[in-house]
Structures are given as structure tokens and as C-alpha cells.
Q: 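Encoded as C-alpha cells, here's the structure I'll be asking about.
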2 protein chains.
Amino acid sequence: MGNDALLTKLREALGKDAVLTDTDVTESYSRDMMPLAPSGRPLAVVLPSDVEGVQATVRACAEAKVPIVPRGAGSGLSGAANAIDGCVVLVMTRFDRILEVDPGNRLAVVQPGVVNLDFRNAVEKHGLFYPPDPSSYDWCTIGGNLSTNAGGLCCVKYGVTTDAVLGLEVVLADGSVLKTGRRTVKGVAGYDLTKLFIGSEGTLGVITQATVALRPLPQAPATLVAGFDDTEKAGEAVTRIVREGLVPSLMEIMDASSIKAAEHYLNTDLGTGDECQALLLCQSDSGGEVARRELAVIEQICNDCEATMAYATDDLEEGRMLMQARRVVLTALEEYGIWLTDDVSVPRTRIAELILGCQRISDEVGLRIAVVGHAGDGNMHPTIVYAPGSEEEFQRARKAFDDILEVALSLGGTITGEHGVGRIKREWLEREIGPVGIRVHRQLKQALDPENLFNPGSMFSMA
Amino acid sequence: MGNDALLTKLREALGKDAVLTDTDVTESYSRDMMPLAPSGRPLAVVLPSDVEGVQATVRACAEAKVPIVPRGAGSGLSGAANAIDGCVVLVMTRFDRILEVDPGNRLAVVQPGVVNLDFRNAVEKHGLFYPPDPSSYDWCTIGGNLSTNAGGLCCVKYGVTTDAVLGLEVVLADGSVLKTGRRTVKGVAGYDLTKLFIGSEGTLGVITQATVALRPLPQAPATLVAGFDDTEKAGEAVTRIVREGLVPSLMEIMDASSIKAAEHYLNTDLGTGDECQALLLCQSDSGGEVARRELAVIEQICNDCEATMAYATDDLEEGRMLMQARRVVLTALEEYGIWLTDDVSVPRTRIAELILGCQRISDEVGLRIAVVGHAGDGNMHPTIVYAPGSEEEFQRARKAFDDILEVALSLGGTITGEHGVGRIKREWLEREIGPVGIRVHRQLKQALDPENLFNPGSMFSMA
């Protein structure tokens, strides 16, 4: 089947408005938010509205031997949703319905095109909580979250996307529909196919529905901020907080570069002093006296680790203002150039070493690197800033990006904590998991997608 | 390679004391605790002490085309570790070392032969908590827990085994060693191979090491017990407790038959009255005032649901005595015959229907069925009692066992919540997950174990 025949077939099956070929439109669906990743020119963008539409697309593309790149909103940071030349981009945003919220069983059934924030708000009306909260939560979709096993600020206490999912509906490479998992809290009937598809970055199938477990809505958070004139002292505080058995609902760290950018952007002094090398932000959502006690213990630990300042509040608005410094960092960095954010996880005891490593790399490449990170789980986002239009600075930024991965691996960490491998860390995946690991990946991909239909060349190559 | 050559090769590689062929010995390693499951006569029992020994066994058996059945202590309840004729039983109990406990990162590295309770005790010395607590926790091994994705009483608050595992070391069918996962809290580098092997019941590889995430040690539990003269009222209480947003650290239910057996065995009156149809046992490990408040809300809900009695205590010893009724049920049932315990999960709102269904089945088959279950997560263990030596009663028990699965599926549940599929629920697995699900299982098995070396015929058949 030639390309024209494929397009005709897709239009017949899905309707004309679901098959787009205008290059202005297809271009707009050809990339996610990662500047490092290559992207190609799609043959078409297809927007199905139901499972039958996905099945028809998959079957037609399989017959025509045209690869499929599934995607959601395109908020990804690894190029995993980037088009390749001549592919069909399968956009799942029209799967935008919340099919069920069941408070008695604390679960919901949701389509992949629903925006994370919309879903959070919908279940909150039932007094329920969907924890995964990637930074892009106001525009990323549940489907993208599932495909990348997205995290966020919640993970220190509530885990990542995979921890919240009970079951999936997936269209496989032959167009058949697989239902994985269950609606019950526990279940061990067969292999855990659900968690195999979660985080597989669109390489194994197209997720068309998810059944997710919800939690009770937590209490409004109390907030603590602490400054340190020495990164290692901040790292020691994190280690002691973990060792003390505390589980804050949020524990973020900002390095000196992030603090300065935020202060400049907000035109304020965070009260940390000129010598501040690290800021720790913690929240407890345990409520009332318990939250106050938890933060008091954390404050004491920070003081024991020679914090230059430590301040706790259970005033919600004041907490929001303190958290603002963390939230504005990426926007603040835009004043200095284009940012390129990396994503590594290290053991929680090695956070200071990672930050100091990034400072060394910053000096070496001569570019600003600001580190923000989820200290509670060791997932750090060193963010490199380079001048727009300068290919030379871009190449230095790319080198810094790789050097950071090198440091993370040397600390016993991983090359990606939550953004994924996609089209930018394929060689690094191979390095992290080794030849046996890559071989097993290829065997599983070959088993489920023998013609390499879904997102070929992303994550790892078949050769 | 013939069997004699294989045995010679194994003895050369592992030492004579690691390769046992005396039929008295091999017989003792040929079954787990599930009376329904068939078992065969192994060619040999092999007890390796290191990864190289496992690799040598796997390679030699592959060459000789002799199937391998991996096992731990043999506490399983699905026959998943039962020998088949002419197989090598690969016993992992000599992998009995805790390699590392890291309180700063709240993780441990453990070998599969370590007994669950020994591991719990070892990490507790560091103020840490390993949640999975199957009933057999004083003799089952971590490796068996991993292979079956074991649960326990902790699951309502702390999840099952898979939720606690960061990474694995696995010997594959070609003898190569795969390392999955990581030492960090978060990580999305590649497919989630860790969770694919967990719960795969020894069909995909031999687990030789696990890196597990630990939690802070919880507070000593406060305990509540409530009696109901109507099963549906107890079920309604469970639903309301869930909907209210409470997460007790334990929530167990006993039906009338379980209560009577426990009372008879303990020679005591649980204070529930003659008409008691269901007993609810809840614990909170939140500590102090918070635990008291949580149980007070639960008590109020029970009273709103017309509990005939409800009593809460934060006295540890009194709590232990109240919990004893739950703990002795299986032992108590032995006074009436041999017990055969089933394992289903249903949505938490359907627990009463499951219990009432079991009472109906009990009447139909004319056998005592006592239901105990993890009400907090809907995982129920209806336990059928039949006369020893009576083939006719055994057949009726088998029928009841299947009928219970039927009821669970009709309630939107699953055929196994934590015991696994093994050799007793293969047809039921196919029924629950359907032809596409079974096909995907076969494709994955074929991909990782093309010669069907590991535990062939368990869980599902390749044909």
C-alpha cells in the first residue's frame, strides 16, 4: 500500500478531520519540548476519537509499513514523541473523557487525552487525590504521563505514575486490544503487563484507557524553608531527614545558581544571605499538630546541619509564596538564554556530590547550570543555559548535558529519573543497563511489535 | 546430554552436596502447601550457593533439555513451585545473606533465600520497615515473595512486594545475568523489567538478588474490633471507611464461620454475641492521638452501620489478644478437617457479596467454608474444610474452590489476589485475561525463555 492509499484508507476509517497532512499542522505535531532531540517530517497526523479509530490506524499503518509515533500534548523532555520522516503521528488528545470516578473503591477510569490537572480537579471533587504531578501538569496528558511513567513533586511520599495504575487498555501492533490489570487493589493473575507498558514510551502499544487508584485528599501543606552556606551541609540535612524516618510530602532543593535566578526574577531577597549555596524546601501534608511536629524535627535537623536560616509556617498563603522561588526557576532562567534541562536520579545521600559536580561542569563548559531537584527522592534537574542562535554554545550545552549523566552514573544513579530515554539518551541507556539489559529490551520489543511499528529507534535501536 | 551426564556435570560445577537425588529428599522438595496442585518426581534437587552455581545449573539443564522448577521454602499456595516429572528443582535457600542495609538511602540488598521474618528483624534494627508480611512470614523466603508478588496484612496501607522492590539480579534462560532497576528511588531508564519478573512465578528466570526500598518503622498499632449481625452492614462499614479517606494499617474481616472456629479453638467468647455474622478488625499505626482519632472515626462509622459491638484500644497487649482471633483461624479449622484456602480479590465495595456467595456455596457443597480476608484491599481467603481421606469430599471442596473464583469474577474481581496462578488456576487465568492476554503472556515467555526451560506448564501453557 502506497502513502496515498494509506491516507485514503485512514480518512475512510476515521473521517477527514482526523487525518491531517497540511505541513504547517504536521510540523506543529512533530516535536516535544526537548531541544536536543532530532525530529522528522511526518506523512500525516492522525487524531482518533475511539479505540476502533486507533485499531484502524494501527492496522492500516502496519499494512503500509508506515511507522507510528504515538503522542499526547507534547510536553515531553526526551524527544520520545518526536516524529520520524514519513511516520504517522498518532495524537491521543481526543481521548479526553473521564469515564468513571468510584469513591467507594477509590479508583477512576480515564482516557489518555485528559489533561493531568483536569483529572486532578475532577477527582478532588470526590475528596480524592491523584498524586503524579509533573511540572507540566496544567497541559500534559495522562497518556503521556503513563508512557513516560511521569513523576513530579509528589513522589517522595506518593510515588510515580506506575504506582497509581491498576490496569490499562492497549492497542497492540496487530490492532488487537489488550486489557491489563484489574479494578481491585491487589491482584497477581499473570505477568504485570500494566507496569511493562507504563514507561515504555510508546514503543510497545497505544494506551487507550487507564484504571487508576486514588488516594484520600491530603491536608493543606505546612511549609519549611532552610538555607545553607555549604551544599554538603544541605545534603547532610537531607540524609538525616531520611534516616530520621521522616516522609515529607515535598522536599525540594535549589542550588546557588537557581536561588540567584529566582531572586533576580522575583526582584526579592529570599532571606538566605549572599553566601547561600543551597535552599531546602519541605512540606508536610499530615495536617495540624502532626505536620507542625514533622516540620519542627526537620527544622532541628537543618539547624544541627548549620543552616544559616530555617523557617516553618502552616499559613497556606505564606507557604505558597515560599514555594514560588522553586516554581519560577525555569522561567527565571529564560532571562539568561535558552534552557536545557537534564534529569538524573542519584541515591539520596549523594545529592550534594551531584550538585558540586554540576558546578564543576558549569565552570568547565563556561555555561550557567542551575540545579533544582526533588531532594526527597534524589531526582535532580540540572538545567543548562545557552545563548539562542549560538551553535557553539549549544554544543557546549550538549557536552554539559552528557557530562552530568556521567557524574550521575558515577554516583550510583540513573540517567533518567522521570523524563525518559526517548531520542536523546539511547546510548546512555545501553551504558546504564548493559548488553544483557539491551538484549532483553530488544527481545520484548520483538515479541510484542515484531515489525517495529511503534516509535522505532526511540529508547533503543533494534540492531 | 543424558540425565547421568547432566548430574555429573552439575556435581562437578556445584559440588556433590548441592545435587541431591535420593528420592526421600527429592520428594520433600516436590510440593508446596497447595493440596489441589499436581506434582511430579524430580530428577534432582539442586541447591546452589552463588550466582555462578545458578548459571551452571541453567546452562547444563538447557543443554540437556531438562526443565527447571525454581523454589524457595515451599510455603506457596498455588503449586507454582511443584516439581514436574524429570525436572531439576532449583532450591534457592542457600542464598541466605542480607548483603547490605543502607539507612541513609532507606534500602537493602538481599538474597532470595533469606526468610521474610529474618529480613524484617534485621532491618528493624536500623529503625526500618519491610512491609510485605504474608501469613507464612516466619518461614517463607524473600525469593518466593518476589516470585509470587506476595502480599499480607500490610497491603491496605503499604502495598505488595512489587511496591517495595527497586531492582533485581536474575539469571536468564541462556545463563546470562540480567540486572534490572536501580538503587535510586526514581528511575525510568528502559522498560520496567523489575516488575515483569516479580510475580512471574519462576517462569522467566531465577532471581538471585533484590534491592528493596524500606520505610520508616511505624508506630505501635492501636486496635479496634467491631461485630455485626449482618454481613452487608459490615461490608457497608468497609465501604464508608474507604470513602471517608481513612487508611488503616490493617483492616481484616472474619465471617460467622471463622468467628465460631476461632471462639471454639480459643475456648472463649469474642463478645460478639451468637448472632454475629462478621467481625471487623482494624489497626492504625499512626501513633498517639492521631491513631486514637482514626480509630474513633472508624468506631463511629461501625456504630452508624449498626455494629452490635465496637471496641478500640491503644494497649499493645490487648490489641495482640484481639488480633489473635484472626490469627488462629486456619489452625482452628484443622479441628474440623483439612483446609483448602482460596484467594480472590474483589472491589472493596463487594466484600459482603463475596462472603454471602461463599455461604451459598458452602450450603450447596455441604462443606464448611470460613472466610477471612484483607477487607482493606478486598483480598479474601475463603477456606474450605473437608474430611481427610475422603476423595468424595475432596472433589466437593475442589468444586467449591472453583465456584468461589466464579463468584469473584462476577463481582469484578480477580482469581488471585496474592497466592498466584501456579498449577491450579491456569484455565482461570485464561478466562480472566482473555485470549489476547494469554497470547501476550506466551509471546513474552517465548521471548525470554524460548526453550520453555523455566517452570513449564505453570501459570499458562505455551500451546
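Values below: every heavy atom of this structure, side chains too, minus hydrogens, waters and symmetry copies. To find a chain, count down the sequence lines: A is the first, B the second, and so on, and within it residues start at 1.
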Q: Quick check on A:N379 against chain B: is it the side chain, the backbone, both or neither that has a heavy atom closer than 4.5 Å?
A: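 Side chain only.
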Q: Is any side-chain heavy atom of A:L193 less than 4.5 Å from a side-chain heavy atom of B:H441?
A: yes
Q: For chain B, which candidate among A:G288, A:P347, A:G199, A:A150 shows the most heavy-atom pairs at distances under 4.5 Å?
A: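 So the answer, after comparing A:G288, A:P347, A:G199, A:A150, is A:P347.
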Q: Can you tell me if A:E289 has over 12 outside heavy atoms packed within less than 6.0 Å of its CD?
A: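 Yes, enclosed.
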Q: Does the side chain of B:P216 come within less than 4.5 Å of A:E244's, by heavy atoms?
A: no
Q: Let me confirm one number: the NZ-CE distance from B:K186 to A:M380, rounded to the nearest 0.5 Å.
A: 9.0 Å
Q: Checking heavy atoms, do the side chain of A:L429, its backbone, both or neither come under 4.5 Å from chain B?
A: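 For A:L429, the side chain is the part near chain B, not the backbone.
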Q: So what's closer than 4.5 Å to chain B heavy atoms on A:E432: side chain, backbone, both or neither?
A: side chain
Q: How close do A:T239 and B:G104 get, counting heavy atoms only, and between which atoms?
A: CG2-CA, 4.2 Å
Q: Please identify, among B:E418, B:H126, B:R182, the residue contributing the most non-hydrogen atom pairs under 4.5 Å to chain A.
A: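 Most heavy-atom pairs under 4.5 Å with chain A: B:E418.
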Q: Pick one of side chain, backbone, both or neither for A:H374, based on which atoms fall under 4.5 Å of a heavy atom in chain B.
A: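 When you check distances to chain B, only side chain atoms of A:H374 fall under 4.5 Å.
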Q: Run the side-chain hydrogen bond (donor to acceptor under 3.5 Å, both in side chains) test against A:E353 and tell me which residues pass, sequence neighbours left out.
A: A:R350
Q: Hey, can you tell me if B:Y191 and A:F460 have their rings parallel, tilted or perpendicular (30° and 60° cut-offs)?
A: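 Answer is perpendicular, since the angle exceeds 60°.
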Q: Looking only at heavy atoms, what is the nearest atom pair of A:A189 and B:I415, with distance?
A: CB-CG1, 4.1 Å
Q: Please name all residues satisfying side-chain hydrogen bond (donor to acceptor under 3.5 Å, both in side chains) with B:T416, sequence neighbours left out, ordered by chain then number.
A: B:D343
Q: Looking at chain A, which one of B:L128, B:T194, B:V188, B:V156 has the largest number of heavy-atom pairs inside 4.5 Å, strictly under?
A: B:V188
Q: Contact part of A:I241 toward chain B, heavy-atom cut-off under 4.5 Å: side chain, backbone, both or neither?
A: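 Interface part for A:I241: backbone (N, CA, C, O).
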Q: Would A:K195 and B:D192 satisfy salt bridge (charged side-chain N to carboxylate O under 4.0 Å, His left out), going step by step from the backbone distance to the final call?
A: CA-CA 6 Å; A:K195 293 185 197 304; B:D192 195 340; over 6 Å; no
Q: Out of B:D163, B:V440, B:V290, which one racks up the most heavy-atom pairs below 4.5 Å with chain A?
A: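 Max contact count across the listed options: B:V440.
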Q: What residue in A:R442, A:K425, A:R243 has the most heavy-atom pairs under 4.5 Å with chain B?
A: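 Option with the greatest count: A:R243.
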Q: Quick check on the interface: out of A:V344, A:V247, A:I433, who has the most heavy-atom pairs with chain B under 4.5 Å?
A: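 Sorted descending by pairs with chain B, the first entry is A:V247.
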Q: Please rank A:L204, A:L214, A:I198, A:D102 by heavy-atom pairs under 4.5 Å with chain B and give me the top one.
A: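 Heavy-atom pairs under 4.5 Å are most numerous for A:L204.
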Q: Quick one, A:D174 and B:R439 - any side-chain contact, counting heavy atoms below 4.5 Å?
A: yes
Q: Which value, rounded to the nearest 0.5 Å, describes the distance between A:L178 atom CG and B:I438 atom CD1?
A: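 The distance works out to 11.0 Å.
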Q: Can you say whether A:T148 sits under 4.5 Å from chain B via the side chain, the backbone, both, or neither, judging by heavy atoms?
A: backbone
Q: Count the heavy-atom pairs under 4.5 Å between each of B:N149, B:D377, B:V436 and chain A, then report the option with the highest count.
A: B:D377
Q: When only pairs under 4.5 Å are counted, which of A:G417, A:A447, A:S200, A:G245 shares the most heavy-atom pairs with chain B?
A: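 Top option by heavy-atom pairs under 4.5 Å: A:G417.
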Q: Quick check on A:V177 against chain B: is it the side chain, the backbone, both or neither that has a heavy atom closer than 4.5 Å?
A: backbone
Q: Using only heavy-atom distances, determine whether the side chains of B:T414 and A:R183 contain a donor-acceptor pair under 3.5 Å.
A: no
Q: If I measure from the heavy atoms of chain B, does A:V160 come under 4.5 Å with its side chain, its backbone, both, or neither?
A: side chain
Q: Is a donor from one side chain sitting under 3.5 angstrom from an acceptor on the other, for B:T184 and A:R348?
A: no
Q: What residue, out of A:G151, A:S345, A:G159, A:G376, has the most heavy-atom pairs lying under 4.5 Å from chain B?
A: A:S345
Q: Grab the two heavy atoms, one from A:V242 and one from B:P103, that are nearest each other, plus how far apart they are.
A: CG1-O, 4.2 Å
Q: Hey, what do you get for CG (B:L444) to CD (A:Q443), rounding to the nearest 0.5 Å?
A: 11.0 Å
Q: Is there a donor-acceptor pair under 3.5 Å between the side chain of B:N105 and the backbone N or O of A:T349?
A: yes
